[in-house]
Chemist: 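Here's a structure for you.
Only heavy atoms go into these numbers, but all of them, side chains included; no hydrogens, no water, no symmetry mates. Naming: A, B, ... by sequence-line order, numbering from 1 per chain.
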Protein chains: 2
Amino acid sequence: MNKNKDVAGEEQSGALMADVARLAGVAISTVSRALANPGRVNEKTRARINAAAKQLGYTPNAMARGLRVGKSNTIMIILPGSPYYGASQIIPQVLQSINKSLIQQGYNLMIANLDREEVSERHILDLAFGGTVRGAIIFSSKLPEIDGRSPADSGLPIVSMLFDMSDAGLPSVVTNDREAIREATTELIRSGHRRFLYIAGPTGNYHDVERYGGVLEALRAGGLSEEAVSRSGGELEYQHGFEIGIRAVDDFMKLAARPTAVIATSDDMAISFMSRIQRAGLSVPGDISIVSFDGSPVCEFCSPPLSTIEQPVEEMGRAAVGLLLDAVRQTENAVAMRTIIRSRLILRESIASPKG
Amino acid sequence: MNKNKDVAGEEQSGALMADVARLAGVAISTVSRALANPGRVNEKTRARINAAAKQLGYTPNAMARGLRVGKSNTIMIILPGSPYYGASQIIPQVLQSINKSLIQQGYNLMIANLDREEVSERHILDLAFGGTVRGAIIFSSKLPEIDGRSPADSGLPIVSMLFDMSDAGLPSVVTNDREAIREATTELIRSGHRRFLYIAGPTGNYHDVERYGGVLEALRAGGLSEEAVSRSGGELEYQHGFEIGIRAVDDFMKLAARPTAVIATSDDMAISFMSRIQRAGLSVPGDISIVSFDGSPVCEFCSPPLSTIEQPVEEMGRAAVGLLLDAVRQTENAVAMRTIIRSRLILRESIASPKG
DNA sequence: TTGTATGCGTTATCAC
DNA sequence: GTGATAACGCATACAA
C-alpha cells in the first residue's frame, strides 16, 4: 500500500494510516479514532496501534486531514513589507513569540508580506480564500484588497496587533501608546523642558495620532500650549526610521527657538537623530534630551544610553494568539475588541534637565 | 452546491469548482483544465470559465489540490530559536527576501523554530513527514532529531543558509566569512596594529572556525604569530551578542599587553563592547580599533560609526530559494553543493592607526 | 468497542 | 475538445 520505492533499504517517508491499520490488525477507522480521541477505543488495541504507528514512523497527512475536516491548522501573519523592517526591531521577537504560542496549541505559522505589489496582495487573498489558513494576525493598518475583496470578506478570523483596528471590527492587541508617551513627556516637563521636537512616522497613522495625542495631553496637563512642540517627519513609513531621524536634524536646526527635548516615535529615528546631532556639535543630554519608542535592546548601548518605551511584544504576541484562537474555535464568549498591554518607560542617560 | 449560508447577502467564501462549472455550463474537469493548463481547451469555453470564476470569486482549495497531486507548495524555513534573534539583526531581511522569491514562484512560506524544546522539534518533524511542506531552508548548523529521525530522512529537499553544511550533504548558501575577515584583519595590520582581540560566538561553530581561521591567515601573511590574537567569548550563542561583548570588556582589561584592535564576530558584540569600553575611559578608534560582522544598518549611527562586514543577505535568500526550488522540481542538473555570495567590508571611523 | 462506507475538492485517466 | 469517474489520505455517520 505504501507507494514508495524502497531505495536500498533507506527509510522513505510515507507510512499511511492504512499501513498502521494492517500492522495493528485493525480497521483504518479504528486507527483514526485511537490517534485522535482520548477515549473511544479499547486500551489494548490502542496500545497496539500506537506501537504500530511508532514502528512505521507514521505521521498523519495534514492536507488530507484538513480537506476532510474542512479547516486547516495554519495561521497566517501579515507583515508590513519593505526592504527591511529595521524600524521596529521587534519583528523577530514577535514572530518567535507568536510561533511558540501557536505550536503549543497545534497550529502552524505561515508568513505573508504586505507590500504594495499586486502579487503579494493576491497571494494573501489566495491564502485566505483558498482555505489554506484558518486565521490571520495582521501587523498593518490596512488590509490588502483586490477586486473589492479583502481577507475580512473570507469570514476568516483576523486580529490586529500593534494597530488598533477595533473600529474596523478587528479585535486588536495594542499597547498604551498614548499613555506611555504622555508619561514620557510628563517626565521631560518635570525635568524642566519647555520646547519639544516630535519626530513622526506617517502622518495620520494610528500610532501618530495616539502618540502625538499623548504628547499634547502632557503639555496641557503641564500648563504648556501646543506651540511648545514642533513636528518633523510625516512622509516616510516607520521602516525608514534612520532616514527620518536624519531629516529631523535638518528640521531641528532650522527652528528659531531650538527645542531642548526630542520625542522620537521609533528607536531608529532616535538613534540616527542622536548620531547626527552629536556630529553637529550638540551634546546629549547636555543640549538635548531624547526619548523614543520601541525598546530595542541596542538602545542600552548607545552613547549616551537611550531612554525608550519598551513594548512588551512577546506578551502582545501571546495575547494576539489567544484572541485569534478563541475566535477560531468559535468560543462564543465574545472576544475582547481591544486588549491593551502596557508599555514600560525605561529611563536612561539620554534624559536630563535642560541647561540654564 | 455551495454549502455556505448566505448571511444577509454577505458574500461568504467558498465558491467551488463545481459552482464555476455550472455557471459556465461545462463539466468540472473542463474547469480544472482551463484553470491549470495553458492550451488543452477551446478559447471560447476558456473565456466563459474565466468569467464565471471571476464572477464567483473562485479560489482553488489548496489542500484539496495538494492532496490530489501529492505535494504541497509550502516551503518551511527553520530559524534558530532563542529569546530574541537580535544577534544577527538580519533575520527580518532574510525572511522578506525569501518570501518574496517564493511567492513569485507560487510557493508559500511557513516558519518553524528550532530551539532545544521537544515540542518544537516534533513540530518540525511533523511538518516534514506530514506532507505539509515541500522543502526547507535551514538556518542552523544542526538538524532537529527525534527517535533517530531527522527531516533529512523525509526525502525533503533542504538547503542550508549561512552555515556550510555541504559536508552533511546539504546544498549550502554561505558568504565568504573567512576571506572577508582575513581582508578586514589585513586592513588592520596595514594600519599598524599588532595585537588583536577576537570576540567569538560558540567555539567550534562553523562561523567561528571560518572567521578565526581568516584572522590567523591574515596574521601569517603579515608575518605575525598566532600569539598576536587573544580570544574572548566562546560559550554563548550568537543570539546573546550584547552579553558576549560586555564580557569581552573584562577579558580585554585583564590582558597584560592590551590589544589595539578588536575583531568582533557580530555587530551586537561590537556595539556593546564599544559602549562599555568607552565608559571605561578608552577611546575608539584612538585607543582601540573595532571591526565586526553582519552589516546591520545601525552601525552607521554608532559613535564612532562602526566598520562592519556586510553580508548580502537578500542575495543569499534568493540564491537559497533558487537552489531549493531546483531540487524540488527535480531538475536533474545536479545542484551546486556550495554557493558563495561575497561579503563586503564597509570601512568606517571605528578603524584608525594605533597610537605611538 | 470496532468495522464499513462515504465524501472533503481537486486532478488525472480514460472514454467519447 | 469535452465529460464521466476514480483516486489522493483521512474522519465520521452508521451499522454491527
Side-chain angles (χ1 to χ4, degrees), chain A residues 1-4 12-50 52-53 56-73 106 126 129-134, chain B residues 1-4 13-50 52-53 56-73 106 126 129-132 134:
Chain A
M1 178 114 324
N2 186 324
K3 62 177 184 282
N4 296 305
Q12 289 283 82
S13 80
L16 303 181
M17 214 174 226
D19 299 316
V20 177
R22 199 165 335 98
L23 183 58
V26 296
I28 295 187
S29 56
T30 308
V31 176
S32 179
R33 266 180 306 236
L35 264 35
N37 311 315
R40 319 271 305 160
V41 65
N42 185 301
E43 272 314 315
K44 299 196 65 166
T45 59
R46 173 189 301 280
R48 280 216 315 285
I49 290 172
N50 284 336
L56 293 173
Y58 170 72
T59 307
N61 182 305
M63 291 191 297
R65 174 176 215 289
L67 177 59
R68 176 60 234 247
V69 303
K71 34 190 83 152
S72 93
N73 60 344
D126 286 349
F129 284 92
T132 307
V133 306
R134 181 83 169 283
Chain B
M1 178 113 326
N2 187 323
K3 61 176 185 282
N4 298 305
S13 80
L16 302 181
M17 217 172 224
D19 299 315
V20 177
R22 198 167 333 99
L23 183 58
V26 295
I28 295 186
S29 53
T30 307
V31 176
S32 178
R33 264 183 308 236
L35 264 33
N37 310 315
R40 317 276 302 163
V41 66
N42 185 301
E43 272 314 314
K44 300 197 64 167
T45 59
R46 173 190 299 282
R48 279 215 316 283
I49 290 171
N50 284 336
L56 294 174
Y58 171 71
T59 307
N61 182 305
M63 291 192 298
R65 175 177 214 286
L67 175 60
R68 175 62 235 234
V69 304
K71 35 190 82 151
S72 92
N73 61 344
D126 286 348
F129 285 93
T132 307
R134 182 84 169 285

Chemist: Mind checking the CD1-CE spacing from B/Ile49 to B/Met17? Nearest 0.5 Å is all I need.
Modeler: 9.0 Å
Chemist: Please report the shortest heavy-atom distance between B/Ala53 and B/Val20, naming the atom on each side.
Modeler: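 Residues B/Ala53 and B/Val20, closest heavy atoms: N-CG1, 3.9 Å.
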Chemist: Report the distance from atom NZ of A/Lys71 to atom C1' of C/dG9, rounded to the nearest whole Å.
Modeler: 16 Å
Chemist: Heavy-atom nearest nucleotide on DNA chain D for B/Asn42 versus B/Ala64: which residue maps closer to 5'?
Modeler: B/Asn42
Chemist: Quickly work out the B/Lys44 NZ to D/dT2 P distance and round it to whole Å.
Modeler: 11 Å
Chemist: To the nearest 0.5 Å, tell me how far B/Asn37 CG sits from B/Arg46 CZ.
Modeler: 8.0 Å
Chemist: Would you list the atom pairs, donor with acceptor, under 3.5 Å between side chains in residues 61-72 of chain B and any protein atom, with sequence neighbours excluded?
Modeler:
from    : atom 1 : to       : atom 2 : distance (Å)
B/Asn61 : OD1    : B/Met63  : N      : 2.8
B/Asn61 : OD1    : B/Ala64  : N      : 2.9
B/Ser72 : OG     : B/Thr74  : N      : 3.1
B/Ser72 : OG     : B/Thr132 : O      : 2.7

Chemist: Please report how far the helix from C/dT1-D/dA16 to C/dC16-D/dG1 bends, comparing the axis fitted to its first five pairs with the axis fitted to its last five, to the nearest 10 degrees.
Modeler: 40°
Chemist: Please identify which of these residues, B/Asp19, B/Leu35, B/Leu23, meets the side chain to side chain contact (heavy atoms under 4.5 Å, CB included) condition with B/Tyr58.
Modeler: B/Leu35
Chemist: Could you tell me which residues satisfy side-chain contact (heavy atoms from CB on, under 4.5 Å) with A/Ala27, sequence neighbours excluded, listed by chain and number?
Modeler: A/Ser29, A/Thr30
Chemist: Can you list the residues that meet the salt bridge (charged side-chain N to carboxylate O under 4.0 Å, His left out) rule with B/Arg134, with sequence neighbours excluded?
Modeler: none
Chemist: What is the distance, to the nearest angstrom, from the CG atom on B/Leu16 to the C1' atom on C/dT11?
Modeler: 15 Å
Chemist: How many Å lie between CE on A/Met63 and C1' on C/dG9, as a whole number?
Modeler: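 Rounded to the whole Å, the gap is 13 Å.
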Chemist: Send over the distance from A/Leu67 CG to C/dT6 C1', rounded to a whole Å.
Modeler: 13 Å
Chemist: Check the distance between C/dT10's C1' and B/Asn73's CG and give it to me in whole angstrom.
Modeler: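 Taking atom C1' of C/dT10 as the reference, CG of B/Asn73 is at 13 Å.
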Chemist: For B/Arg46 and D/dT2, give me the distance from atom CZ to atom C1', rounded to whole Å.
Modeler: 13 Å
Chemist: Can you list the residues that meet the side-chain contact (heavy atoms from CB on, under 4.5 Å) rule with B/Thr59, with sequence neighbours excluded?
Modeler: A/Asp126, A/Phe129, A/Arg149
Chemist: Side chains of A/Thr45 and A/Arg48, heavy atoms from C-beta outward: is any pair under 4.5 Å?
Modeler: yes
Chemist: For nucleotides 11-16 of chain D, give me one character per nucleotide, 5' to 3': B if any protein heavy atom sits under 4.0 Å from the base, S if the only such contacts are to the sugar-phosphate, - if neither.
Modeler: BB----
